[in-house]
Asks: 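Input: one structure, supplied below.
Order of the sequence lines sets the chain letters (A, B, ...), proteins ahead of strands, with each chain counted from 1. Values below: every heavy atom of this structure, side chains too, minus hydrogens, waters and symmetry copies.
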Protein chains: 2
Amino acid sequence: MTERLTGVTGRLSKQIAQEILSGRRSLGERLNAKTISEEYRVSRTPVRNALMELEKNSLVERIPNKGFFVVQSLPDCAQGWMESRVSTEIDDYQLLANDWLTDSIPSTVTEQFVRERYGWAKVKAVSLLNRATREGWAERNPGYGWTLLPVAKTTESFSELYRFRIAIEPAALMEPTFKLDRKVINQQRDIQNMILDSEMGSIPDEAILEYGASFHEELIKLSGNPYFLMALQRVNKMRKLMEYKAQINRERLVVNCSEHLEILDMLEQGSVVDASFKLRQHLSKALNRKADKTRTWDETVEKLG
Amino acid sequence: MTERLTGVTGRLSKQIAQEILSGRRSLGERLNAKTISEEYRVSRTPVRNALMELEKNSLVERIPNKGFFVVQSLPDCAQGWMESRVSTEIDDYQLLANDWLTDSIPSTVTEQFVRERYGWAKVKAVSLLNRATREGWAERNPGYGWTLLPVAKTTESFSELYRFRIAIEPAALMEPTFKLDRKVINQQRDIQNMILDSEMGSIPDEAILEYGASFHEELIKLSGNPYFLMALQRVNKMRKLMEYKAQINRERLVVNCSEHLEILDMLEQGSVVDASFKLRQHLSKALNRKADKTRTWDETVEKLG
DNA sequence: AACTGTTTTTATGTTTACAGAAATGCAATA
DNA sequence: TATTGCATTTCTGTAAACATAAAAACAGTT
């Protein structure tokens, strides 16, 4: 199979496939190339290539001079094909991050070292180390080499991160530039309800994490202050790194979503102060559960290392 | 003159020169290569090269098999030479940042565009755009090109940044992991007193900004929570960008330093809560002066554009 | 023993060329 | 007229080779 795993085309084919499989694109629906290209802020070329790729896998069909359409009935293998595709694609960044989190590489590395270890080209090594720097767990040494920071792997780190969130998230809601956007509120409410209504375990762990992160990011966006958002996005990236292998507590999930819904209600009723307070409580709870959670995480690390 | 402006050697020669000219290294003092190399976390090679460079400019002298020493009397031209050197060295990053702040380049640029405009090699263009991304004012587009964010140039941006600082800095002092370090307190007190004692205008604007930033960063370090520090460092980078051309209010400087000293005293006496409150007040004042300040800044931009 | 001076090794920055991907323009079609 | 399909242009990723810089090892000096 000639799959493109990197670049815009590869990402698009994966995303569109997910949209189809999750039902966000209905069966038989027309797929307008220009619309999609604008949605993803790219040109039509990679969109068309992605669709042609999906055609090979019988997710879409093509009618000459009319364009692409979602197939009338999904092939049986589709879901499995998608999953295998996602799971095999542990990308290079995760490779490096995992090795660091499991102490498989030393805390100071040279560009050369990672190139040899992973067989990466020069530019690739540099750009991945740069990404790690952007996301806060690496930094360049004055001369040669890079230092990998213990920030995302210690037990304390988890609670430190949550304490930081407690400082910024409730404060963001109290910003003078705060502006309620009912569309955002409703959208988030729908998501939370969807999670509550779903079968236990039907939503993959990664998606749960993603929904959680986006809930908090959308909320902080309402503050109208980009610095709060940027700070949260950054720590969320580190959080994803930390929680990558951690198990999600499915029982907590119900309480979690309910609290999210409560906060949304308060905001909609204009009780911003209450919402801010509730948000603080909500985050504090997660912090207090930390002890158990990080123990599990430590065991996970132990197991892997 | 064969000057190295980039790389470790170049940075070192500049920094050591400043240390000598500012009196932090006394006349005739011995310059131990190994000690210096450890101080700057590099090997002896660039240190020796930097010192050999300074020898050419008569700031240090070399005695065979005994090493380098600060000269007994500084040459008259030294101060001027240093200044000219600093001012001519507007580095490439500043070039790009300035052009963006003065609207000399569009908000979406391609790598190619900046390469041609500044005559940069491919790698250089990429790494500078990456740096801009790290520092929060640029981001990669999904396909080709980069988007430059208006975050560091609007009038609102200034107050948004300060409101963010008000949210995190006082909170950091209240962290349970907060730990007083008298060495840091004393060091900062010395710096603030030094500024107060100095002749009006004897310290360059950039140094003033730098001292201010380091005061707040050292304080937030005491919290023991790296996430607070990382967030502050990041916004400080953007602040430096914004205030790069802004005039420093020399009269405010005295009040500013006094407030810094007050906060240090409170901390030393163990009144962390008071210090936290005072810090909030201190930042709020700066925020309220914003109106005047940003007007000046707007005029500056106008003038340059 | 600790430092300087020198040599050797290793790592990184820079340039170039080329292949491949994305953007763009244009003709054909519904 | 908006959209598709295709050709063309533009931009970017990758690899290799080389020059240069930093680190490390070693010999000589105080």
Side-chain angles (χ1 to χ4, degrees), chain A residues 2 4-13 30-38 40-53 62-69 92 108-116 119-129 140-146, chain B residues 2 4-13 30-38 40-53 62-69 92 108-116 119-129 140-146:
Chain A
T2 57
R4 286 184 245 221
L5 293 174
T6 60
V8 179
T9 306
R11 276 205 308 278
L12 278 177
S13 73
R30 169 128 191 275
L31 297 164
N32 183 311
K34 199 182 167 215
T35 310
I36 296 177
S37 76
E38 281 165 359
Y40 288 101
R41 295 176 54 212
V42 294
S43 71
R44 274 169 46 220
T45 310
V47 173
R48 285 181 56 78
N49 288 335
L51 289 172
M52 280 153 80
E53 177 105 7
R62 185 179 179 181
I63 302 175
N65 286 324
K66 288 201 142 191
F68 294 90
F69 299 80
D92 297 324
T108 60
V109 294
T110 61
E111 180 190 312
Q112 198 77 352
F113 173 84
V114 297
R115 284 186 62 180
E116 278 163 18
W120 291 338
K122 184 181 179 57
V123 188
K124 181 161 213 166
V126 172
S127 74
L128 285 173
L129 286 166
R140 244 205 119 111
N141 291 346
Y144 291 160
W146 301 71
Chain B
T2 57
R4 287 183 244 222
L5 294 174
T6 60
V8 179
T9 305
R11 277 205 307 278
L12 278 177
S13 74
R30 170 127 190 274
L31 298 165
N32 182 313
K34 199 184 167 211
T35 310
I36 297 177
S37 76
E38 281 165 0
Y40 288 102
R41 296 177 53 213
V42 294
S43 71
R44 273 169 48 220
T45 311
V47 172
R48 285 182 56 78
N49 287 335
L51 289 172
M52 280 152 81
E53 176 104 8
R62 185 178 180 182
I63 301 175
N65 286 322
K66 290 202 139 191
F68 295 89
F69 300 80
D92 297 324
T108 61
V109 294
T110 61
E111 179 191 314
Q112 197 78 352
F113 174 84
V114 297
R115 284 186 63 181
E116 278 163 18
W120 291 338
K122 181 180 182 56
V123 189
K124 181 160 214 165
V126 172
S127 75
L128 286 172
L129 287 166
R140 248 204 115 110
N141 291 346
Y144 291 161
W146 301 71

Asks: Given atom CG of Asn49(A) and atom C1' of dA21(C), what is their separation to the nearest angstrom?
Replies: 9 Å
Asks: Less than 4.5 Å apart, any side-chain heavy atom of Arg62(A) and any of Met52(A)?
Replies: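 Contact flag for Arg62(A)/Met52(A) side chains = yes.
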Asks: Would you work out how much the helix from dA1(C)-dT30(D) to dA30(C)-dT1(D) bends between its ends, with each end axis defined by five base pairs, to 10 degrees?
Replies: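 About 50° separates the two local helix axes.
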Asks: Send over the distance from Leu51(B) CG to dC3(C) C1', rounded to a whole Å.
Replies: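 Computing the Leu51(B):CG to dC3(C):C1' distance gives 14 Å.
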Asks: With hydrogens left out and only the distance checked, is there a donor-acceptor pair under 3.5 Å joining Thr45(B)'s side chain and the base of dA23(D)?
Replies: yes
Asks: Excluding sequence neighbours, so at least two apart, what forms salt bridge (charged side-chain N to carboxylate O under 4.0 Å, His left out) with Glu116(A)?
Replies: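 Result, salt bridge (charged side-chain N to carboxylate O under 4.0 Å, His left out) vs Glu116(A): none returned.
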Asks: Starting at atom CZ of Arg62(B), determine the distance to atom P of dC3(C), rounded to an integer number of angstrom.
Replies: 17 Å
Asks: Look at the side chain of Asn32(A) and the backbone N and O of Lys34(A), then say whether any donor-acceptor pair between them is shorter than 3.5 Å.
Replies: yes
Asks: Please report, rounded to the nearest Å, how far the P atom of dA25(D) is from the NZ atom of Lys34(B).
Replies: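 After rounding, the gap between these two atoms is 13 Å.
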Asks: Would you indicate whether the side-chain heavy atoms of Val47(A) and Tyr40(A) approach each other to under 4.5 Å?
Replies: no
Asks: Is the shortest heavy-atom distance from the side chain of Glu111(B) to the side chain of Tyr144(B) under 4.5 Å?
Replies: no
Asks: Between atom CG in Asn141(B) and atom C1' in dA22(C), what is the gap in whole Å?
Replies: 12 Å
Asks: Can you tell me the distance, in whole Å, between the CD atom of Glu38(B) and the P atom of dA2(C)?
Replies: 12 Å
Asks: Once each nucleotide of nucleotides 9-14 of chain D is scored for protein heavy atoms under 4.0 Å, what B/S/- sequence comes out, 5' to 3'?
Replies: --BBBB
Asks: Given dT3(D), is OP1 or OP2 found less than 4.0 Å from the side-chain N or O atoms of Asn32(A)?
Replies: yes
Asks: Please report the shortest heavy-atom distance between Leu12(A) and Ala50(A), naming the atom on each side.
Replies: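 In terms of heavy atoms, the two residues are closest at CB-CB, 3.8 Å.
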Asks: Grab the N/O contacts between the protein and nucleotides 26-30 of chain D below 3.5 Å, and write none if there aren't any.
Replies:
none

Asks: Report the residues that fulfil side-chain contact (heavy atoms from CB on, under 4.5 Å) with Leu129(B), sequence neighbours left out, ordered by chain and then residue number.
Replies: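 Here the qualifying residues are Leu96(B), Val114(B), Trp146(B).
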Asks: Considering every strand and a 4.0 Å limit on heavy-atom distances, what is the contact class for Arg41(B): base, sugar-phosphate, or nothing?
Replies: nothing
Asks: Output all residues satisfying side-chain contact (heavy atoms from CB on, under 4.5 Å) with Thr45(A), sequence neighbours left out; order by chain, then residue number.
Replies: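 With neighbours one apart ignored, the set is Ser43(A), Asn49(A).
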Asks: Over how many whole Å does the gap from Tyr40(B) atom OH to dA22(D) atom C1' extend?
Replies: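 In whole Å, dA22(D) C1' and Tyr40(B) OH are 17 Å from each other.
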Asks: Here's a test of your reading of the structure: between Arg48(A) and Trp120(A), which maps to the more 5' nucleotide of DNA chain D?
Replies: Arg48(A)
Asks: With sugar-phosphate meaning primed atoms plus P, OP1 and OP2, does Ile63(B) contact a base, only sugar-phosphate, or nothing at under 4.0 Å between heavy atoms?
Replies: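 The residue Ile63(B) makes sugar-phosphate contact but no base contact.
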Asks: Check whether any side-chain heavy atom of Glu53(B) lies under 4.5 Å from a side-chain heavy atom of Thr9(B), and answer yes or no.
Replies: no
Asks: To the nearest Å, give me how far apart CG (Leu12(A)) and C1' (dA21(C)) are.
Replies: 12 Å
Asks: Heavy atoms only: give me the nearest Pro142(B)-Val42(A) pair and the separation to one decimal.
Replies: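 In terms of heavy atoms, the two residues are closest at CB-CG1, 3.7 Å.
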